[in-house]
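Heads up, the thing below is written out as structure tokens.
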Amino acid sequence: MEKYNPKEIEAKWQKYWIEHPELFAVNDDSKKEKKYILDMFPYPSGEGLHVGHVESYTATDIMSRYYRLQGKNVLHPQGWDAFGLPAENYAIKTKIHPTETTKKAIATFKAQMGKLGFSYDWSREVNSSDPEYYKWTQWFFLQLYKNKLAYKAKAKVNWCESCQTVLANEQSENGVCERCGNKVIQKDLEQWFFKITDFIEDKGKTQGLLSGLEKLDWPESTKQTQRNWIGRSEGTTIKFLISNSKFLNKSQLNNDKNFIEVFTTRVDTIFGCTYCVVAPEHKIVQQLAEQILNLKEVEKYLEKSKKKSDLMRMEAKEKTGVEIKGIKVINPFTNEEVSLFVADYVLAQYGTGAVMAVPAHDERDWEFAQKYKLPIKEVIEGEKKVDKIFTADGVLFDSGKFTKMISEKARAEMTKWLTENKLGSQKINYKLRDWLVSRQRYWGAPIPIIYCEKCAHLDPARQGEIPVPEEDLPVMLPTDVDFNPTGESPLKKSKSFHNVKCPKCGGEAKRESDTMDTFVCSSWYYFRYSDSRNKKAFAGKEQIKKWLPVDLYVGGAEHTVLHLLYARFFTKVLHKLGHIKFDEPFLKLRHQGIILAEDGNKMAKSKGNVVNPDEVVEKFGADSLRMFEMFMGPLEDMKPWNTKGIVGIVRFLEKVYKNAGKITDKNITNKKLESLFHKTIKKITNDIESLRFNTAISQMMIFANELDKQESISKIQYEKYLILLSPFAPHIAEEIWKKLGHTKSIFLEAWPKYDEKLIQDEEIELVIQINGKVRDKLRVSADITEEDAKKLAVESEKIKSQISGKKIKKIIFVKGKLISIVI
RNA sequence: GGGCGAAUGGCGGAAUUGGUAUACGCGCUAGUCUUAGGAACUAGUGGGUUUAUCCCGUGAGAGUUCGAGUCUCUCUUCGCCCACCA
């Protein structure tokens, strides 16, 4: 047999697979059990595939090929998350239209995927920038709009001055734009939102974003991150009366000028409240301006903090604030007057935008009180007072009738008291806010809304918003635009796009010129694959029922919050509206770990340490790259690249290839090898099922090493071994398969079965321990009785000398494993 | 500050229910073959020493157990994500 030549072999089989798409395409009518194996569809960047893509796509490719061999009907599609800022930014620089660059990038990606031997069903390919696709993205927007789940509101939003666009809350990280790294400022703008907060808790039969997590087979850390992001916290709202309205009567509580409302999770500490703080945006400053003695100072502080970006606010090491002189507030429990501050460490967007400060039991308040020399009053004591202050739950003191209660009980009792006196109530707060979906950029799906002044009277709440009729979809992206960012959508300057007839009255109207966040496109694409050429619906009911939900979803952990939360939200909306029968899209989720550069750092173009998969394929072959990435370590682990390590895989494949030359049709009986082979089938099968590809490969190597020692190899056994190898290294498997005289693809074969009986060894190595330490090993029959084993053990020369003169306290026997003598 | 996870040879990593620690691969050492090798093959490869019926070894310390990488407690270090969320 000639030498293993991956280049030649791989090109040949890749061509064969393209000519035989039926191998990987699925049949909707098949009675076989379905498996939907999905990759997160990539953004087709100009950079091409990187080794991280190869890692997760190889994992799903192995799973898909494995399940097909197991006789399952496998849907394994791929597509393109094609809208987005990079293509547009590139267009601004080069004047090349994003359609062109995207088309080119997709061609590159697809060619690279072909060269890696991925078995996608390309007949279902989707492209989110294709009008046939974004027509349905727009349709989803209309569904949300019609069900009052999409709304327009003026809001303080994150604005990136460099990208000249609004960002979602999740796209502004630490006050810096996720895309370009420039600072994000706050702007008041009219924006479109999706009401994702409606779905946090269960909604009728639709499980909420919180409780729905319970039933999912997802990494625990991912679920926890989602919970943290939603940020549910149970607490209490409390009204602090403003002191010149001190004498309580009911009418005063109806006027919000007479009190400030705070939110706290620690009402039990309220007897230690020594002041209150409002956020700079809090309305109280405007409402009571005439009563404020140091109005100028306060206003100056508000101005200053308004100019601060979120980043600057967070970077500030010291808390700042100003006392609002002339206004005091009253602690409803003690009836004591406390002073009021405005400080930007209090966030306007969370809770009520005002807090009660308990410096003795809250670190932030303590810090602030230290700086401004404010009183500190302790009211909780616990077993361990850590450092300077006690922030845990404990027992109350100096707290009126609540003294001696434990924190938990005190919270319940105090909240009850507040409720009865109409001074507060129990309240659940969430960090999650509605999803801001409008973008003032070109390369996205246009929002299908038209504004008609004449029709504005029809629904005053909606200010002349007329949804584009479904039959008029898609609202096409115009091509006559200049996409240099100006702070307004480039679509606004396209006359053909912007001016339009009102679908209601036929009069002059204007189109919404914003586009949608690309995360909207990716929130539903997994439905489209089930029926990607459907012209009448985003996917047919039957096809959805047939294929969804997704059985295995693999992708990067960076999408833990954004994409995964939004996709769940969309699925829940469809469930609520009765379109589908399930309310979670991805039953099982796994993340691939990041592949670091050889130097242990993250791969980065700027560092010049990026590994290009094309070069690796060129040098070693796709099978070797695939297997090497799977062999490096557990799929989800972060692991450094090591180019030298690939030769281990190359040697292994060469060995497998070479050993095909030793095949004989003759019946060979080698019990030990047969036993090892059945162990190998079992281990590989179990490891694939649980995505432990590294140990599956090591088992293949163990068996290959054993084959290598044989004079001749049984054809039947070797063929089965090839099938075990084929999901990992499909090209070499097909090649050898053909060389063995087969005319059909190896991927039409059945996955080998193992025989548990053959796995059992006839002889075992019985370990003999004395006080837990291994002292001897004896070869014995596997079914040796306890009695015989004990006898053999004490008769062993090595053991005899160790135990001579000592008394044996007891002897422990573990069947098939060991004898442990205790002296 | 919060959440999650990790720590095993020179390196990446193995180790079903507690039961032979370091599988598999890289690297390294020696040898064989070769005109040559960053090829192939063979043997070896945790540390120590008194070189063998030996001792020590899975971040540190304690505990449970006949027996702990694995279970419990305390601590240290590192990584990732989130972070002034009251």
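Numbers restart at 1 for each chain; the letters A, B, ... are given by sequence-line order, proteins then strands.
Residue A/Glu765 is in base contact, counting any heavy-atom pair closer than 4.0 Å across all strands shown. Looking at heavy-atom distances under 4.0 Å, A/Gln769 makes contact with a base. Counting non-hydrogen atoms under 4.0 angstrom, A/Leu818 reaches a base of the nucleic acid. A/Ser221 comes within 4.0 angstrom of sugar-phosphate atoms only, judged by non-hydrogen atoms across all strands, and of no base. The residue A/Met356 sits apart from the nucleic acid: no heavy atom pair falls under 4.0 Å. If you check every strand for non-hydrogen atoms under 4.0 Å, A/Val774 touches sugar and phosphate atoms only. Residue contacts for A/Ser820: at a heavy-atom cut-off of 4.0 Å it reaches a base atom on one of the strands shown. If you check every strand for non-hydrogen atoms under 4.0 Å, A/Asn705 touches sugar and phosphate atoms only. Residue-level contact check: A/Pro219 touches neither bases nor backbone, having no heavy atom under 4.0 Å from any strand. No contact: A/Asp637 has no heavy atom under 4.0 Å from any strand. Among the atoms of the strands shown, none is found under 4.0 Å from any heavy atom of A/Thr222.
A syn orientation is assigned to B/G9, its glycosidic angle lying within 90° of 0.
For A/Met701, counting side-chain heavy atoms from C-beta on, the closest listed nucleotide (B/C24, B/C4, B/A14) is B/C24. When each of B/A86, B/C26, B/A14 is scored by its nearest atom to the side-chain atoms of A/Pro634, the top-ranked nucleotide is B/A14. With B/C4, B/C80, B/C26 as the candidates, the nucleotide lying closest to the side chain of A/Val647 is B/C26. When the nucleotides B/C24, B/C66, B/A86 are ranked by their closest atom to the side chain of A/Lys810, B/C66 comes out on top. Closest approach to the A/Ser698 side chain among B/C81, B/A23, B/G19 is made by B/A23 (side chain taken as heavy atoms from C-beta onward). Among B/G19, B/C24, B/C4, the nucleotide with an atom closest to any side-chain atom of A/Gln224 is B/C4.
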Given Watson-Crick and G-U pairs under 3.5 Å, RNA chain B in dot-bracket ([ ] crossing, | other strand) is (((((((..(((......[....)))((((((.......))))))((((..).)))..(((((..]....))))))))))))....
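With sequence neighbours excluded, the residues forming a side-chain hydrogen bond (donor to acceptor under 3.5 Å, both in side chains) with A/Thr222 are A/His591, listed by chain and number.
The same atom, C1', is picked in B/G46 and in B/U29; the two are 16 Å apart, to the nearest Å. A distance of about 45 Å separates the P atoms of B/U35 and B/U50, rounded to the whole Å. Here the separation of B/U20 from B/A40, taken at their C1' atoms, is 34 Å to the nearest Å. Taking atom C1' on both nucleotides, B/C56 is separated from B/U49 by 11 Å, rounded to a whole Å. Here the separation of B/C41 from B/G79, taken at their P atoms, is 40 Å to the nearest Å. Look at the C1' atom in both B/G10 and B/U17: the space between them is 34 Å, to the nearest Å. For B/C71 and B/U58, the P atoms lie 15 Å apart once the distance is rounded to whole Å. When the C1' atom is used for both B/G3 and B/U72, the distance is 23 Å, rounded to whole Å.
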query = Under the ring-ring contact (aromatic ring centres under 6.0 Å, His included) criterion, do A/Trp641 and A/Phe628 qualify, and how do the steps go?
reply = CA-CA 10 Å; A/Trp641 181 265; A/Phe628 177 62; 5.4 Å; yes
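Remark: C1' of B/G67 and NZ of A/Lys817 are 13 Å apart, rounded to the nearest angstrom. The CD-C1' distance, from A/Glu636 to B/G13, rounds to 13 Å in whole Å. One interatomic measurement links the two molecules: NZ of A/Lys602 to P of B/G79, which rounds to 12 Å at whole-angstrom precision. As rounded to whole Å, 16 Å separates atom P of B/G19 from atom CG of A/Leu766. Between the CD atom of A/Glu558 and the C1' atom of B/G79 there is a distance of 17 Å, given to the nearest Å. Per the geometry, CZ belonging to A/Arg411 stands 13 Å off C1' belonging to B/A86, to the nearest Å. Straight-line distance from the CH2 atom of A/Trp229 to the P atom of B/A83: 5 Å, rounded to whole Å. For the pair A/Lys644 NZ and B/C28 C1', the interatomic distance rounds to 10 Å; values are reported in whole Å.
The CG atom of A/Asn694 sits 8.0 Å away from atom CZ of A/Phe631, with the distance rounded to the nearest 0.5 Å. For the atom pair A/Ile819 CD1 and A/Asp776 CG, the distance stands at 12.0 Å (nearest 0.5 Å).
Salt bridge status for A/Asp217 with A/Arg590: present, with a side-chain N to carboxylate O gap under 4.0 Å. Using a cut-off of 4.0 Å between Lys/Arg side-chain N and Asp/Glu carboxylate O, A/Glu615 and A/Lys619 are scored as not salt-bridged. Under a 4.0 Å N-O distance rule, the pair A/Lys658/A/Asp708 qualifies as a salt bridge.
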Nucleotide by nucleotide, nucleotides 29-58 of chain B touches protein heavy atoms under 4.0 Å in the pattern (B base, S sugar-phosphate only, - none) -----------S------------B-SS--
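Within the 6.0 Å centre-distance limit, the rings of A/Tyr345 and A/Phe368 are counted as a close aromatic pair.
For A/Lys371, the NZ atom counts as densely surrounded, since its 6.0 Å shell holds more than 12 non-hydrogen atoms of other residues, nucleotides or ligands.
Contact annotation: A/Tyr345 side-chain N/O to B/A86 OP1/OP2 distance is not under 4.0 Å. Residue A/Asn686 places none of its side-chain N or O atoms closer than 4.0 Å to OP1 or OP2 of B/U16.
Considering every non-hydrogen atom in both A/Ile376 and A/Pro359, the closest pair reads CG1-CB, 3.8 Å.
Toward the 5′ end of RNA chain B lies the nearest nucleotide of A/Gly633, the other residue of the pair A/Gly633 and A/Gly648 mapping further downstream. The 5' end of RNA chain B is approached more closely, in terms of each residue's nearest nucleotide, by A/Asn228 than by the other of A/Asn228 and A/Asp362.
Note: A/Phe693 and A/Phe728 have perpendicular aromatic rings, judged against thresholds of 30 and 60 degrees for the angle between ring planes.
For the 3.5 Å distance criterion, the side chains of A/Thr643 and A/Glu598 qualify, holding a donor opposite an acceptor.
Taking 3.5 Å as the limit, the base of B/C84 and the side chain of A/Lys319 contain a donor-acceptor pair of atoms between them.
Side-chain atoms of A/Lys377 come within 3.5 Å of backbone atoms of A/Phe271 as a donor-acceptor pair (strictly under, hydrogens ignored).
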